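Note: hydrogens, waters and symmetry copies are ignored here, and every other heavy atom, side chains too, is used. Keep in mind that what you see is a predicted model, and the values were worked out from it rather than measured. So you know, we letter chains A, B, ... as the sequences are listed, proteins then strands, and number each from 1.
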Amino acid sequence: MWIPIQINDQSAEPLYYQIEVQLRALILSGQLMSGTLLPSIRELALQLKCSVITIRRVYQDLEAEGLLRTKQGTGTFVADVGEQARDTHRLKAVEAAMDSAVEAGRRANCTPEELDQLYREAVARSQYKR
Amino acid sequence: METAQPAVRLDGVQFTTDRFRLGPIHLEVPRGYVTAIVGPNGSGKSSTFRLLLDLIKPEAGTIELLGSRPHSRNPELRQRLAYVPETNSDCDEGLRASEKAAFHQLWYPTWDVNRYQELLRRFDVDPSVRLGKMSKGMRQKLELALALAHQPELLLLDEPSSGLDPIAWKHMLETLSRYMEDGSRTILVASHLIEEVRRLADYIVVMSRGQVLGVYEKDALFDNWRTYYLIGDGLEERMLTQGPGVHAVERMGGQAYKLISSASQSTEQWLHREALPVTGQQPMELDDIMEALIARQQPFS
């Protein structure tokens with residue numbers, strides 16, 4: 001099974017973190033439904049060109065959060081995620097993306113007003129595309 | 001790394017010829033993982049394999065493979081491992097693939113004929129052709145099929161992709177990845193191909209001039225090494241060199257500096273804290289990391 005996770009080589013964020021954030025978002029957004037069998041650790045490692053150590057860490061973290069469950073000998077599945085959990089987590093990925101956008105602005109010496117303006121323009125552009 | 005017994009252990013291993021000195025090498029290859037040995041030509045990768053296979057004897061130190069001493073006349077150990085050399089011997093060129101397979105079958109009680117046939121189909125190898133008539137890539141694919149057919153616990157591969165076309169190469173990576181599914185098997189692979197190491201390895205061993213420079217978890221290695229570019233008045237090479245995690249500083253001309261970090265998180269925090277004028281940053285490829293590591297190597301210690 002192919003999992004739509006994109007690695008950004010240029011990002012300063014550690015690989016395991018990038019994978020974990022995206023996999024969590026896929027589960028919490030319902031794109032990966034509860035009961036879905038995930039690829040084996042080795043398979044996903046090959047797909048994402050990372051080590052099994054990284055994938056194991058991601059699976060373990062998400063299992064500890066209650067988003068995944070592992071059945072001995074069968075594999076790793078998406079767990080039942082309650083509505084409430086979905087809601088609290090829904091904005092997390094967006095929040096992280098905002099943080100990195102603000103950070104990029106800070107490096108370019110943007111004022112808060114400029115950032116505000118850029119944000120509005122970005123929203124306008126995306127609405128225009130639709 | 002796991003606390004389980006390593007698949008391969010070298011402890012103070014040394015080997016010398018009149019032109020080359022290997023070691024002393026201390027190395028543990030963890031079970032259940034793919035470990036890639038990388039390094040320039042003549043760094044000692046192939047000699048290390050020859051030592052593991054008992055084709056040459058170390059003058060000092062001990063070697064353990066799957067808990068036993070390597071011994072070419074220890075059939076029980078040989079049955080649990082497989083080796084695919086970079087270049088194949090020409091002594092069996094008159095044999096057909098099917099004849100060589102029959103020979104393998106004699107030696108390996110765990111030989112799985114169905115698996116062998118499946119691998120031949122997957123790699124698109126015609127078993128009726130004589131080995132001497134095969135192209136380099138075809139021969140390489142046959143050797144891989146032969147090596148995997150008895151389901152070895154430890155697989156030693158020396159430049160496995162030499163001669164393979166891109167599709168065969170991709171099939172090989174998938175096959176090796178599936179072979180590792182079991183979780184208890186181990187691959188030790190020497191490779192020049194950065195992309196191969198990228199896709200296959202869990203751990204990376206960097207060798208140069210007969211020494212092991214380090215063993216790294218692959219993703220941690222790529223997370224840790226980064227390049228930063230700085231431009232600004234008053235920057236000083238000496239001051240930059242002392243930054244946390246800074247491995248090397250290179251003056252790019254004018255007031256521009258390139259800074260190589262081997263601990264990007266500490267370096268980044270420091271750059272931020274000191275408000276240094278960073279104009280760009282970039283991850284590093286394996287060849288750049290190797291080069292930086294080798295540049296720091298003590299000259300013939």
Peer 1: Counting only heavy atoms not in B:E153 (residues, nucleotides, ligands), do more than 12 fall under 6.0 Å from its CD?
Peer 2: yes

Peer 1: How many angstroms lie between CG in B:L259 and CD in B:E250, if you round to the nearest 0.5 Å?
Peer 2: 10.5 Å

Peer 1: Please determine whether a side-chain nitrogen of the Lys or Arg among B:D202 and A:R42 lies less than 4.0 Å from a carboxylate oxygen of the Asp or Glu.
Peer 2: yes

Peer 1: With respect to chain B, which residue among A:L15, A:I53, A:I41 yields the maximal number of heavy-atom pairs within a distance under 4.5 Å?
Peer 2: A:I53

Peer 1: Heavy-atom distances under 4.5 Å only: say whether A:E43 touches chain B with side chain, backbone, both or neither.
Peer 2: both

Peer 1: How long is the gap from OG on B:S177 to CD on A:Q47, to the nearest 0.5 Å?
Peer 2: 11.0 Å

Peer 1: More than 12 heavy atoms of other residues, nucleotides or ligands under 6.0 Å from CZ of A:F77: is that the case?
Peer 2: yes

Peer 1: Flag the one option from B:E181, B:Q281, B:E268 with the top tally of heavy-atom pairs under 4.5 Å to chain A.
Peer 2: B:E181

Peer 1: Who among B:R226, B:R178, B:Q265 has the most heavy-atom pairs with chain A under 4.5 Å?
Peer 2: B:R226

Peer 1: For B:V278, is it the side chain, the backbone, both or neither that has a heavy atom under 4.5 Å from a heavy atom of chain A?
Peer 2: neither

Peer 1: To the nearest 0.5 Å, how far apart are OG1 in B:T279 and OH in B:Y228?
Peer 2: 12.5 Å

Peer 1: Counting only non-hydrogen atoms closer than 4.5 Å, does B:E174 touch chain A with its backbone (N, CA, C, O), its side chain (CB onward), both, or neither?
Peer 2: both

Peer 1: Should A:E20 and A:R57 count as an ion pair when the cut-off is N to O under 4.0 Å?
Peer 2: no

Peer 1: Look at the rings of B:F49 and B:Y83 and say which category their plane angle falls in: under 30° parallel, 30 to 60° tilted, over 60° perpendicular.
Peer 2: tilted

Peer 1: Name the option with the most non-hydrogen atom pairs under 4.5 Å to chain A; the candidates are B:E217, B:R198, B:Q282, B:E195.
Peer 2: B:E217

Peer 1: Report, by ascending residue number, the residues of residues 99-107 of chain A in heavy-atom contact with chain B at a distance under 4.5 Å; give 'none' if the set is empty.
Peer 2: A:E103, A:R106

Peer 1: If you measure from CG on A:D80 to CG on A:L67, what distance do you get to the nearest 0.5 Å?
Peer 2: 11.0 Å

